[in-house]
Amino acid sequence: MENQENNNSALNENLNDAENSSPNDTNSEVYEDNNSELNDNPVSETSVADDGKTADYTDSGEENPGESENIEAQEQPKKKKVFYLPIIITAAILLIAIIFFGVAYLFFDNSVEGAWIIEGSDATSDEIQSAQDAANANTYYIFTNDVDEQGNKIAKLKVGTMELSGTYSLSDGTDGARTLTVSVSYFFAGEYTYEVSGNVFTGKTMTLTSNNTPYKFKSASLPELKVDVPENFEVKDELVGEWNESEYNMTYKFDDKGNVYVNQGGTLEVNGTYEVNDSTITIHYLAGEETKLDLEYSFDGDTLILSGLGYEKVG
């Protein structure tokens, strides 16, 4: 035990001596010499020796390209995600406004624009042989958003494939009543007070009143009507084209498929088909029922003579 205590005492003294001593004290001259050599000959951190081997050096004075790139990458600030909150809020407000006005239009639109038929006068495909015959039998009162050259809104009266055009205007009376003034030839003309109710889902109704007499209409969709080309149609090349008569501003347009378009001064339009027999052009169109119009034709030089009137080719 006494020997063991002596040994422990010696060990403790050696440990204390080791802790109090510094490696730099014993090898200071060696380190100073080595550092002096390194400072005199700086090398890159990773360089290739003459024998092709890669040596690892530190504290070099030369720039390491790879290290430079890493430093630049680290120095670049990270892009922050930007939430465009004001834009999102604005878009949401616009969407809500569109929905609101859309719903208001669908449920509370009281304009007269669109196509109408008189209630109780419309024919149905159950009453007539076909849906086209039923649509052909109806008279459509149309108020458009289009305007003529004078800026007046255009109204139309459509029967079959024939249309009459005129104008209309709307105004508010001093008594609060709304007034519709329309002029479509002599078929539909006058001044009416009007009321519109309903919506696009359940259907809209309109009441026109004149001299205390009400006329009730309901909204309708315009049908696409067509007239079949006669089976014996043969094209006449000399007729194909657009022809105009200047005195009455009449226009006929014949194509090579058997279709014809007629326009009288912009107030009467007819779409139909035609056929030629000898010196007669027969035009087929719809006006409540299938109707035909016979025109005698001839040529005087380049002028087309239809029922005694001369037409010049304009297209």
Side-chain angles (χ1 to χ4, degrees), residues 115 128-142 144 146-150 152-167 183-189 221-315:
I128 306 180
Q129 293 181 356
S130 69
Q132 169 150 314
D133 290 338
N136 177 36
N138 290 325
T139 299
Y140 296 87
Y141 299 79
I142 307 165
T144 76
D146 301 326
V147 296
D148 61 13
E149 295 178 353
Q150 288 73 39
N152 300 311
K153 287 191 173 183
I154 297 174
K156 295 183 177 183
L157 193 65
K158 181 179 176 68
V159 182
T161 58
M162 181 179 69
E163 285 185 359
L164 287 168
S165 296
T167 62
S183 176
V184 182
S185 186
Y186 57 86
F187 294 101
F188 183 33
S221 298
L222 287 174
E224 294 184 5
L225 300 175
K226 65 177 183 178
V227 185
D228 294 330
V229 176
E231 294 181 358
N232 60 343
F233 171 76
E234 291 184 8
V235 63
K236 300 293 183 181
D237 292 334
E238 66 270 20
L239 277 177
V240 175
E242 185 175 346
W243 303 86
N244 179 258
E245 190 279 322
S246 58
E247 183 176 356
Y248 296 97
N249 196 16
M250 287 282 298
T251 297
Y252 286 86
K253 187 175 182 179
F254 302 95
D255 72 8
D256 59 359
K257 306 296 183 183
N259 300 298
V260 62
Y261 168 75
V262 183
N263 187 312
Q264 182 180 346
T267 60
L268 172 65
E269 295 177 84
V270 177
N271 285 283
T273 60
Y274 74 99
E275 59 182 319
V276 180
N277 295 295
D278 298 327
S279 62
T280 302
I281 300 174
T282 301
I283 295 177
H284 302 268
Y285 63 99
L286 301 176
E289 60 183 7
E290 187 165 338
T291 307
K292 66 179 184 178
L293 173 67
D294 290 333
L295 300 170
E296 294 295 321
Y297 88 98
S298 63
F299 281 93
D300 183 4
D302 293 332
T303 301
L304 172 64
I305 309 299
L306 288 175
S307 298
L309 296 175
Y311 290 77
E312 302 299 329
K313 195 168 188 179
V314 294

Should the heavy atoms of other residues, nucleotides or ligands under 6.0 Å from [atom1] of [X] be counted, would the total exceed 12?
{"X": "K226", "atom1": "NZ", "result": "no"}
{"X": "Q150", "atom1": "CD", "result": "yes"}
{"X": "K153", "atom1": "NZ", "result": "yes"}

Ignoring hydrogens and angles, tell me if any N or O in the side chain of [X] forms a donor-acceptor pair with the backbone of [Y] under 3.5 Å.
{"X": "N244", "Y": "M250", "answer": "yes"}
{"X": "K313", "Y": "V240", "answer": "yes"}
{"X": "T161", "Y": "G272", "answer": "no"}

Derivation of the side chain to side chain contact (heavy atoms under 4.5 Å, CB included) call for L164 and F188: CA-CA 10 Å; L164 287 168; F188 183 33; over 6 Å; no
- request: Apply ring-ring contact (aromatic ring centres under 6.0 Å, His included) to F233 and list each qualifying residue two or more places apart in sequence or on a separate chain.
  value: Y274
field: Results of ring-ring contact (aromatic ring centres under 6.0 Å, His included) for Y252 - residues two or more places apart only
entry: Y311
For the residue pair [X] and [Y], establish whether any side-chain heavy-atom pair is separated by less than 4.5 Å.
{"X": "F187", "Y": "T139", "value": "no"}
{"X": "V262", "Y": "L268", "value": "no"}
{"X": "T291", "Y": "L293", "value": "no"}
{"X": "F299", "Y": "L304", "value": "yes"}
{"X": "N232", "Y": "N277", "value": "yes"}

message: Using every non-hydrogen atom in the two residues, find where S307 and L295 come nearest and quote the distance to one decimal.
response: OG-CD2, 3.4 Å
Extract all donor-acceptor atom pairs below 3.5 Å that involve side chains of residues 279-290 and protein atoms in other chains or at least two apart in sequence.
residue: S279; atom: OG; partner: E296; partner atom: OE1; Å: 3.2
residue: T280; atom: OG1; partner: E296; partner atom: OE2; Å: 2.9
residue: T282; atom: OG1; partner: D294; partner atom: OD1; Å: 2.8
residue: H284; atom: NE2; partner: E275; partner atom: OE2; Å: 2.8

[X] [atom1] to [Y] [atom2] distance, which is reported to the nearest 0.5 Å:
{"X": "L157", "Y": "I142", "atom1": "CG", "atom2": "CD1", "answer": "8.0 Å"}
{"X": "K253", "Y": "W243", "atom1": "NZ", "atom2": "CH2", "answer": "14.0 Å"}
{"X": "Y261", "Y": "D255", "atom1": "OH", "atom2": "CG", "answer": "13.5 Å"}

- prompt: Between the side chains of Q264 and Y248, is a donor N or O closer than 3.5 angstrom to an acceptor N or O?
  reply: no
